[in-house]
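Each remark here refers to the structure printed beneath this line.
Start at 1 with the first residue, then count along the sequence. Any value given below was found using the heavy atoms of this structure, including those in side chains, with hydrogens, waters and symmetry copies removed. Note that the coordinates shown come from a computational prediction; the quantities given were computed from them, not determined experimentally.
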Amino acid sequence: MNLRQATPEDVPAIAKVFIETRTRCLPFIVWDYSQNVMEDVFTHQMAHMEMWLAELDGAVVGYVAFIPGEVEHLYLLPEFHGKGIGKAMLGKALENQQGEVQLWVFQENRQARAFYERNGFHMEYETDGQENMEKTPDARYVCQL
């Protein structure tokens, strides 16, 4: 497995991982975003956050995006769960952070919640989801570094 910083040329692969992972792992979310829409979103986000890719045999299988104090995205294709790739991506996001780091996870995403809890995060509070784009109940997790 190789971790490398994403470039603008990686945006289509990032969008593909995002769409496929959400579709397969988060069936409780109602959303309808095309590859083109998500490429536009990630092109914009890349200017404001650091993004790293996880590659296996040259194929992008996951990505992590972060800013100081927050992990914004961590998506990994489900067939690669449980192989240490997610932990490596989270480690990259945390490596130069200091103090409190937060992230948001959907309440129903029990697998992700357990992953973050195993990796030093604890749930601070839950919301009804009315403030997020998906209008789906979520939870704020924090970790002190």
Exercise for the section: Say whether, by atom type as modelled, one donor and one acceptor occur between the side chain of Asp10 and the main chain of Ile14 under 3.5 angstrom. Expected result: no

Handout entry: CG/Asn2: more than 12 non-hydrogen atoms of other groups inside 6.0 Å
Key = yes

Problem - Gln107 side chain vs Asp138 backbone, donor-acceptor pair below 3.5 Å - result: yes

Problem - Euclidean distance, Gln144 CD relative to Phe121 CZ, rounded to 0.5 Å - result: 10.0 Å

Exercise for the section: Report the distance from atom CD of Glu79 to atom NE2 of His81, rounding to the nearest 0.5 Å. Expected result: 8.0 Å

Handout entry: Ring-ring centroid check Tyr125 Trp104, cutoff 6.0 Å
Key = yes

Problem - Val60-Val41 co-clustered via ILVMFWY side chain contacts under 4.5 Å - result: yes

Fill in the blank from the handout: Tightest non-hydrogen contact, residues Met51 and Phe42, listed as CE-CD2, 3.8 Å

Practice task
List the steps and the verdict of salt bridge (Lys or Arg N to Asp or Glu O under 4.0 Å) for Glu20 and Lys16.
Solution key: CA-CA 6 Å; Glu20 188 171 337; Lys16 183 177 180 193; 5.0 Å; no

Exercise for the section: State, to 0.1 Å, how close Phe66 and Met49 come at their nearest heavy-atom pair, and which atoms those are. Expected result: O-CB, 3.3 Å

Practice task
Report the distance from atom CD of Glu50 to atom CD of Glu72, rounding to the nearest 0.5 Å.
Solution key: 12.5 Å

Problem - Gln98, CD: over 12 other non-hydrogen atoms inside 6.0 angstrom - result: no

Fill in the blank from the handout: Correct closest heavy-atom pair for Gln102 and Val142 would be CB-CG1, 4.1 Å

Practice task
With the side chain counted from C-beta on, respond yes when Met46 and Pro8 share a heavy-atom pair under 4.5 Å apart, and no when they do not.
Solution key: yes

Practice task
With rounding to the nearest 0.5 Å, note down the distance linking CZ in Phe106 to CD1 in Ile29.
Solution key: 3.5 Å

Handout entry: Expected output: side-chain Gln35 to main-chain Pro12 donor-acceptor under 3.5 Å
Key = yes

Handout entry: Donor-acceptor side-chain pairing of Glu117 and Tyr141 below 3.5 angstrom
Key = yes

Problem - Within 6.0 Å of CD in Glu131, more than 12 heavy atoms from elsewhere - result: no

Problem - Aromatic contact, Phe18 with Tyr33 (centres under 6.0 Å) - result: no

Handout entry: Leu77 backbone acceptor or donor facing Arg24 side chain under 3.5 Å
Key = no

Handout entry: Under 3.5 Å donor-acceptor, Lys135 side chain and Gly129 backbone
Key = no

Practice task
Starting at CZ of Arg113, measure out to CE of Met123 and round the result to the nearest 0.5 Å.
Solution key: 5.5 Å

Practice task
Report yes or no: do Met133 and Leu26 belong to one cluster of Ile/Leu/Val/Met/Phe/Trp/Tyr joined by side chain heavy-atom distances under 4.5 Å?
Solution key: yes

Problem - Sidechain-backbone polar pair: Gln97 side chain, Ile67 backbone, donor-acceptor under 3.5 Å - result: yes

Exercise for the section: Hey, could you give me the CG/CG distance between Leu74 and Leu90, rounded to the nearest 0.5 Å? Expected result: 6.0 Å

Exercise for the section: Mind listing the closest non-hydrogen atom pair of Ala15 and Met38 along with its distance? Expected result: CB-CB, 3.9 Å

Exercise for the section: Determine the minimum heavy-atom distance between Pro78 and Thr21, stating which atoms define it. Expected result: CD-OG1, 4.4 Å

Exercise for the section: Grab the two heavy atoms, one from Ala88 and one from Leu3, that are nearest each other, plus how far apart they are. Expected result: O-CD1, 3.6 Å

Handout entry: Asp40 and Thr43 side chains, donor-acceptor separation under 3.5 Å
Key = no

